[in-house]
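Below: one structure in structure tokens.
Chain letters run A, B, ... following the sequence lines, proteins first and then strands; every chain starts at 1.
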Number of protein chains: 2
Amino acid sequence: MATGRTHRPATRSRGIPEATVARLPLYLRALTALSERSVPTVSSEELAAAAGVNSAKLRKDFSYLGSYGTRGVGYDVEYLVYQISRELGLTQDWPVVIVGIGNLGAALANYGGFASRGFRVAALIDADPAMAGKPVAGIPVQHTDELEQIIRDNGVSIGVIATPAGAAQQVCDRLVAAGVTSILNFAPTVLTVPDGVDVRKVDLSIELQILAFHEQRKAGEETGQTGPGSTPPAPPARSAGVAAERKGPDGDVPAVMPA
Amino acid sequence: MATGRTHRPATRSRGIPEATVARLPLYLRALTALSERSVPTVSSEELAAAAGVNSAKLRKDFSYLGSYGTRGVGYDVEYLVYQISRELGLTQDWPVVIVGIGNLGAALANYGGFASRGFRVAALIDADPAMAGKPVAGIPVQHTDELEQIIRDNGVSIGVIATPAGAAQQVCDRLVAAGVTSILNFAPTVLTVPDGVDVRKVDLSIELQILAFHEQRKAGEETGQTGPGSTPPAPPARSAGVAAERKGPDGDVPAVMPA
DNA sequence: CCATCTTTGTGCACGCGTTCACAAAGACAT
DNA sequence: ATGTCTTTGTGAACGCGTGCACAAAGATGG
């Protein structure tokens, strides 16, 4: 999962736990599927199964939104779709800009799921002058110089960063300065933002590494390898300043995704 | 963040907390950057700042791996890079297959960060016969029919699913049956897998919806809107079976990403 | 060899999130 | 109207994760 930045002390206002907010889109997706099949009501058990969670957890989640269920029957699908949509702020239009139209940025721009949920790609922005004017997913790419103008003219509050790692912080700063207060970051960097700005990150490399950890653990349990008796590979060796070079193909990946 | 599936009772064997494992790649990235700059040692304070976490948290995380620091000095960068790499299983080669070579799948295939960390794209697989043989990122796409063969021949244990939602579960089942035990899912569906198989998901739509929630909350706090006095939009109305149709552009997105 | 200073490693407390288990609420049949 | 049956909503207990704060460990200088 893309993880948010340092958790704030939980959502203050109406006090909906962060963990619950993260699951609401899951419920919404399952409910939408039911709605399309014209299913009128659904029990917490069924819906929980569809969303892949515990039914008690689902009921508690819904309890934060209010008492929208009917005991002995379940939840009214259409009503719940509306309530969750409203709670998530999907009943309004969210203009979004995507910065960095490389492989990934282009794939995101072509993603059809934006429009279906209140998100609208207001502009595509790239630093390469050669890209300017070139249409991607039917939208002409604009140059970075116009970033501030675009943000203000369209009232954009959500920005997607799909640039190389080296450019991400700078782009982020400009987005924030222009008024963006929510950022979805695909670049493999830790972004620093002022209070009041939310950052969520999606990082392919991290996800793979987490999988590798568990994969290794599975393999190790079988063979008894990797156990407490693995060879200590040489202590710090605080002597010569060896191992200095190492070109490192990482650190500033040219175009696409998390490193 | 892409979230894992139902947490197991924490990592049993050596007892490294799941939350710690998720941060190790972050530390590793920061350490690699330091290593490339030939920085010999780093304090928990500095490294924590670079990784965007609390220093106490970082020290506790490292304490699960062992006592690799020197009091009064800090941590030996090279040594720590090695230890974390080993712990994450990055000292070995992980062949990976990508299934579903649409916009996103192609972008992932072109991602240069795979090779740099022990991950190697062993094959690209797509259901479209027209794609077969066509090279993407220098690798010829193979047809789904050969999936099992490819998995077994290459000893693949990690699979990436970038297919439309409708095909994801079926692809997943085949991957698992063929021996894959870790899956990174980009399709907007809840995958059901047997015990012992790890699934992590990356879902653009969910991330955006979470941002929208916070965004709405910020706006609501300013104007006092969305407060406890919002208009109740009509109770369940459990009468006519209205609201039946609604084509729904969702549910089976053609090619790219989470819906 | 001793004093001082820096930085790690961790005991402890607190808060969030999950899960169980059950009482209350409503539907439905008689 | 009453009883039964289903399913919600939630009180309470537990466990994980976080962060504080400090003692122990080692470096460094005299």
Open item on the list: Counting only side-chain heavy atoms from C-beta out, which of D:dA25, D:dT18, D:dG9 sits nearest to A:Ser67?
Closed with: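 Per side-chain heavy atoms of A:Ser67, the pick is D:dG9.
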TODO: Would you mind reading off the distance between B:Phe62 atom CZ and C:dT7 atom C1', rounded to a whole angstrom?
DONE: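 Going from B:Phe62 (CZ) to C:dT7 (C1'), I get 14 Å.
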Open item on the list: For the OG atom of B:Ser182 and the CG atom of B:Leu175, what is their distance to the nearest 0.5 Å?
Closed with: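 Here the rounded value is 11.5 Å.
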Open item on the list: D:dT28, OP1 or OP2 - any side-chain N/O from B:Arg71 closer than 4.0 Å?
Closed with: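 So the side chain of B:Arg71 is outside the cut-off, no N or O lying under 4.0 Å from OP1 or OP2 of D:dT28.
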Task: Heavy-atom donor-acceptor pair, A:Gln209 side chain to B:Ala22 backbone, under 3.5 Å - done: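 No: the side chain of A:Gln209 does not pair with the backbone of B:Ala22.
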TODO: Would you please confirm or rule out a distance under 4.0 Å between OP1 or OP2 of C:dT18 and any side-chain N or O of A:Arg23?
DONE: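 Answer is yes, contact under 4.0 Å.
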Task: Closest nucleotide among C:dT10, C:dG17, C:dC20 to the A:Ala19 side chain - done: C:dG17
Open item on the list: I need the OH-P distance between B:Tyr64 and C:dG11, as an integer number of Å.
Closed with: 10 Å
Open item on the list: Check this for me, if you would: do B:Arg29 and A:Asp203 make a salt bridge, where the nitrogen-to-carboxylate-oxygen distance has to be below 4.0 angstrom?
Closed with: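 Counted as a salt bridge, because a side-chain N and a carboxylate O are separated by less than 4.0 Å.
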Open item on the list: Check the phosphate of C:dT19 against A:Lys57, side-chain N and O only, distance under 4.0 Å to OP1 or OP2. Yes or no?
Closed with: yes
Task: Given DNA chain C, 5'-ward residue of the pair A:Gly72 and A:Asp61, judged by closest heavy atom - done: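 Its nearest nucleotide lies further toward 5', so the answer is A:Asp61.
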Task: Shortest side-chain distance from A:Thr70, nucleotide among D:dC20, C:dA27, C:dT8 - done: C:dA27
TODO: Report the distance from atom CZ of A:Arg59 to atom P of C:dA24, rounded to the nearest whole Å.
DONE: 16 Å
Task: Protein-nucleotide distance (B:Asp76, atom CG; C:dT8, atom C1'), rounded to Å - done: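 So the two atoms are 15 Å apart, to the nearest Å.
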Task: Atom-to-atom span, CG of B:Leu58 to C1' of C:dT10 - whole angstrom - done: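 After rounding, the gap between these two atoms is 14 Å.
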TODO: Output the single nucleotide from C:dG11, D:dG11, C:dC22 whose closest atom is nearest the side chain of B:Lys60.
DONE: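 Of all the options, the side chain of B:Lys60 is nearest to C:dG11.
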Task: With sequence neighbours excluded, residues passing side chain to side chain donor-acceptor pair (under 3.5 Å) with A:Asn185 - done: none
- [ ] Would you tell me if any nitrogen or oxygen in the side chain of A:Tyr75 comes within less than 4.0 Å of OP1 or OP2 on D:dG9?
- [x]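 It does, given that an N or O in the side chain of A:Tyr75 lies less than 4.0 Å from OP1 or OP2 of D:dG9.
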TODO: Please report, rounded to the nearest Å, how far the P atom of D:dT8 is from the CG atom of A:Leu65.
DONE: 15 Å
Open item on the list: Please tell me whether A:Phe62 and A:Tyr75 form a close aromatic pair, meaning their ring centres lie under 6.0 Å apart.
Closed with: yes
Task: Distance below 4.0 Å between A:Ser44 side-chain N/O and D:dT8 OP1 or OP2 - done: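 Yes.
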Task: Distance test, side-chain N/O of A:Asn54 to OP1/OP2 of C:dG17, below 4.0 Å - done: no
